[in-house]
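Data block below; observations after.
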Amino acid sequence: MDGIIDLAELLLAVSLLALGFFAGKLAEWRHYRSIREREGVTLKVPAVSFRNLNDPRPVRDARLAIGSVVVSADYYKRFLMAFRKVFGGEVHSYSSVIDRGRREAVLRMKESCPDADLFLNFRLATSSISNSRGRDIGCVEVIAYATAIQFER
Amino acid sequence: MILTSVETVPGKTIVEHYGLVQGSTIRAKHIGRDIMAGLKNIVGGELKGYTELLVEARDQATGRMVAQAKELGANAVVNIRYSTASVAQGAAEILSYGTAVRVE
């Protein structure tokens, strides 16, 4: 009887891993494709980290622009992380998760002000959101904010 | 109310300073969202429920900051900063602060 339960647990773990691996890969590929497309559209509008606007053109409008996203790693990536914790070193599987979150947040910030010519004093903040059961579920919030400047045309 | 993340409002001049204003909110996520997020965690990617929750919380914190600035007679808040901290398991504090000013 115990053997059957053990086997069922093993099968569940393997199927979760497989689901995490394939569905996670597919979701990541689709997300990156959407990010690249949208980045192409907003490429001409720079987000800069200076505080001062050294531009002779008169400003018509200045307002705060915010974009945020909560992203998490899939089951397979968390499995890799468990191994990585034994040997230490860079966690490559997680860098794509944070990268996606950060680029998505920047895109949402830019898309919230489509008329802007420049994003001034651009800032990024990342914070981890903990789970109620105290388990680390590897999800982070990324927020991007800046002052959207629109020049007089 | 004009909100910016730089020390001034570009295109306008500051005529009066009213000092620091802040707004904060502590939000807990409800269990339904937690279960959905737990399922979504297998596949990874964006957790839309949590994103919405934090956007709502940030709007509320900003609203409280703006209300404080209005009380002081300001018409703009400059140099706004945001910070998120988890204060307890499953609850996050969103803080927003800036300097209330009057611009012309």
With a 4.5 Å heavy-atom cut-off (strictly below), which parts of residues 112-119 of chain A touch chain B? List them by number. none

Could you verify whether a donor N or O on one side chain and an acceptor N or O on the other, from A:R38 and A:T42, lie under 3.5 Å apart? no

Shortest non-hydrogen separation from A:Y94 to A:K77 and the atoms involved: CE1-O, 3.6 Å

A:E104 and A:R108 ion-paired at < 4.0 Å: yes

A:K110 versus A:A47, closest heavy-atom pair with distance: CE-CB, 4.1 Å

Pair B:Y82, B:T62: side-chain N/O donor-acceptor within cut-off below 3.5 Å: yes

If I measure from the heavy atoms of chain B, does A:L120 come under 4.5 Å with its side chain, its backbone, both, or neither? both

Minimum heavy-atom separation for B:A92 to B:T84, with atom names? CB-CG2, 4.4 Å

Among A:D74, A:V70, A:I143, which has the most heavy-atom pairs under 4.5 Å with chain B? A:V70

Go through the atoms of A:R51 and report whether side chain, backbone, both or neither lie under 4.5 Å from a heavy atom of chain B. both

If you compare all heavy atoms of A:E141 against all heavy atoms of A:S68, which two are closest, and at what distance to 0.1 Å? OE2-CB, 4.0 Å

Donor-acceptor contact below 3.5 Å, side chain A:R84 vs main chain A:E90: yes

B:E46 portion near chain A, given a 4.5 angstrom heavy-atom threshold: both

If one checks every heavy atom of A:I66 against chain B at 4.5 Å, the contacting part turns out to be side chain

Give the minimum heavy-atom separation between A:V59 and A:E152, together with the two atoms involved. O-OE1, 4.2 Å

Counting heavy-atom pairs under 4.5 Å with chain A, the top scorer among B:G11, B:A76, B:G45 is B:G45

With distance as the sole test, does A:N121 use its side chain to make a donor-acceptor pair with the main-chain N or O of B:S5 at under 3.5 Å? yes

Region of B:R58 in contact with chain A, defined by heavy-atom distances below 4.5 Å: side chain

Aromatic ring proximity A:F79/A:F83, centre distance under 6.0 Å: yes

If I measure from the heavy atoms of chain A, does B:L3 come under 4.5 Å with its side chain, its backbone, both, or neither? both

Cut-off 4.5 Å, heavy atoms of chain B, and the answer for A:R60 is neither

Comparing A:D55, A:L17, A:T147, A:L53 against chain B, the one with the most heavy-atom pairs below 4.5 Å turns out to be A:T147

Counting heavy-atom pairs under 4.5 Å with chain A, the top scorer among B:L54, B:I2, B:V9 is B:L54

